[in-house]
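Computed from a predicted structure; not experimentally measured. We're numbering straight along the sequence, starting at 1.
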Amino acid sequence: MFEDLKDGLAVVTGGARGLGWEMADALATQGADIALVDVGGPVDAIAEDLATSRGVRVVGLTCDVTDPVALAQTYAEVGKTLGTPTVLVNAAGISTWGDGESMPAEDWRRVIEVNLTGTFLSCQAFAHALFEAQGSGVIINVSSMSAFVVNTPQHQSAYNASKAGVDQLTRSLAAEWIARGIRVNAIAPGYFLSDMTRQFIDANPDLGESWRGRIPAGRMGEPSDLRGLVTFLASDASRYVVGESIVIDGGYSVV
């Protein structure tokens with residue numbers, strides 16, 4: 001247990017599903033209250049289930065992270081219902097596949113807008129809340145091993161570029177904000193078996209086997225594999241870790 005997380009408050013974007021939900025649940029298990037922020041779906045019901053199962057306060061809020069006005073309203077609601085947040089996990093993100101020579105400009109812009117601009121705007125809104133309250137906190141951005149390697153055979157130039165941008169954003173904000181009380185790091189997952197990924201490889205088993213064959217650990221990551229890392233980075237146990245993007249990919253990117 002990371003005792004300093006007890007009674008903290010974590011905002012998790014993309015928190016109503018997939019890896020975002022897993023990390024929200026991990027923080028709730030440590031005793032942190034949770035604000036689940038997602039663009040759609042049954043956010044309220046998921047928040048209620050999490051509150052019941054973990055015995056913490058949870059609120060579900062619908063918000064598009066690319067909309068700074070909506071983010072400001074979301075943080076105002078978080079402040080009113082739960083208090084000043086102490087942790088932010090930026091897990092909202094999208095992906096697209098497409099050949100570089102034929103990708104529509106709108107597809108490129110949408111991936112960059114959600115993954116990079118949305119992460120920046122969410123960090124900015126979190127910082128405004130903390131600076132106003134004269135508090136301190138932690139930001140954990142979700143990058144990808146794709147910030148470091150071009151994973152194949154899929155063509156994902158927009159996604160790869162967006163995650164490389166998230167890494168540099170992480171370092172830049174870390175250097176800028178550490179003296180003001182906000183510590184910024186990133187998690188860079190490899191191939192993980194989220195619900196969406198499971199559905200995809202069920203429909204494309206050969207591709208799934210190709211991915212697994214390149215992972216030294218011999219398997220794809222389970223969402224639960226993120227729990228230890230996110231709670232460590234959110235806690236004071238990592239207080240001297242600043243501006244890092246920690247790859248968690250079963251060794252894929254080292255061979």
Side-chain angles (χ1 to χ4, degrees), residues 9-21 23-24 33-41 43-44 46-47 58-96 105-144 147 158-159 161-187 234 243 245:
L9 170 55
V11 176
V12 183
T13 70
R17 51 192 163 173
L19 302 184
W21 182 90
M23 291 186 283
D33 295 328
I34 305 292
L36 293 179
V37 178
D38 213 297
V39 72
V43 184
D44 288 338
I46 293 168
V58 184
V59 62
L61 299 166
T62 300
C63 177
D64 181 345
V65 295
T66 69
D67 183 343
V69 174
L71 277 167
Q73 294 169 343
T74 294
Y75 273 88
E77 184 65 21
V78 170
K80 184 171 68 175
T81 57
L82 297 178
T84 301
T86 55
V87 176
L88 167 64
V89 178
N90 277 314
I94 61 173
S95 180
T96 187
E106 57 267 27
D107 289 356
W108 168 274
R109 292 190 184 103
R110 182 59 180 162
V111 173
I112 299 297
E113 185 74 0
V114 174
N115 293 359
L116 181 53
T117 304
T119 295
F120 168 71
L121 293 174
S122 185
C123 289
Q124 189 180 61
F126 178 82
H128 286 163
L130 261 67
F131 294 156
E132 184 176 346
Q134 297 184 322
S136 61
V138 175
I139 294 173
I140 303 166
N141 293 324
V142 177
S143 176
S144 170
Y159 180 79
S162 73
K163 292 302 186 178
V166 168
D167 272 8
Q168 187 66 350
L169 174 66
T170 296
R171 288 186 284 271
S172 298
L173 294 181
E176 182 177 344
W177 288 346
I178 185 62
R180 301 185 68 185
I182 298 179
R183 186 164 54 86
V184 189
N185 290 290
I187 292 174
S245 184

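Between Glu113 and Arg110, no side-chain nitrogen of the basic residue sits less than 4.0 Å from a carboxylate oxygen of the acidic one, so the salt-bridge criterion is not met.
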Donor-acceptor pairs under 3.5 angstrom involving side-chain atoms of residues 118-128: please list them, not counting sequence neighbours.
unit_1 : atom_1 : unit_2 : atom_2 : d
Thr119 : OG1    : Asn115 : O      : 2.6
Ser122 : OG     : Asn90  : OD1    : 2.8

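Remark: the backbone N or O of Ala92 is paired with a side-chain donor or acceptor of Thr13 at under 3.5 angstrom. Judged by distance alone, the side chain of Lys80 and the main-chain N or O of Tyr75 form no donor-acceptor pair under 3.5 Å. Under a 3.5 Å cut-off, the side chain of Thr86 and the backbone N or O of Leu9 do form a donor-acceptor pair. Under a 3.5 Å cut-off, the side chain of Asp64 and the backbone N or O of Thr66 do form a donor-acceptor pair.
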Worksheet item: Do Ser245 and Thr170 pass the side-chain contact (heavy atoms from CB on, under 4.5 Å) test, and can you show the C-alpha distance, the side-chain angles, and the key distance before you say yes or no?
Response: CA-CA 8 Å; Ser245 184; Thr170 296; 5.7 Å; no
Practice prompt. Let me see the working for Trp108 and Tyr159 under side-chain contact (heavy atoms from CB on, under 4.5 Å), right down to the final yes or no.
Written response: CA-CA 8 Å; Trp108 168 274; Tyr159 180 79; over 6 Å; no
Worksheet item: Are Val12 and Val37 close enough, and set up right, to give a side-chain contact (heavy atoms from CB on, under 4.5 Å), and what steps lead you there?
Response: CA-CA 6 Å; Val12 183; Val37 178; over 6 Å; no
Worksheet item: How far apart are the C-alpha atoms of Leu82 and Glu77, what are their side-chain angles, what is the distance that settles it, and do they pass the side-chain contact (heavy atoms from CB on, under 4.5 Å) test?
Response: CA-CA 8 Å; Leu82 297 178; Glu77 184 65 21; over 6 Å; no
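One finds the CG atom of Leu61 at 8.0 Å from the CG atom of Asp44 (value rounded to the nearest 0.5 Å). Interatomic distance, OG1 of Thr117 versus CD1 of Ile112, reported as 7.5 Å (0.5 Å rounding). Separating the CG atom in Leu71 from the SG atom in Cys63 is a distance of 4.0 Å, to the nearest 0.5 Å. The line from OG of Ser162 to CG of Asp167 is 10.0 Å long, rounded to the nearest 0.5 Å. Going from atom CG of Leu169 over to atom NZ of Lys163 covers 11.0 Å, rounded to the nearest 0.5 Å. In this structure, Thr96 OG1 and Glu106 CD are separated by 10.5 Å, a value rounded to the nearest 0.5 Å.
Contact check for Asn185 versus Ile140: no side-chain heavy atoms found under the 4.5 Å cut-off. Within the 4.5 Å cutoff, side-chain heavy atoms of Ile94 are placed close to those of Val111.
Residues that satisfy the side chain to side chain contact (heavy atoms under 4.5 Å, CB included) test with Val43, not counting sequence neighbours, are Ala16, Leu36, Asp38, Thr62. Residues satisfying the side-chain hydrogen bond (donor to acceptor under 3.5 Å, both in side chains) criterion with Glu176, sequence neighbours excluded, are absent altogether.
Residues Ser143 and Ala186 approach most closely at CB-CB, 4.4 Å, considering heavy atoms.
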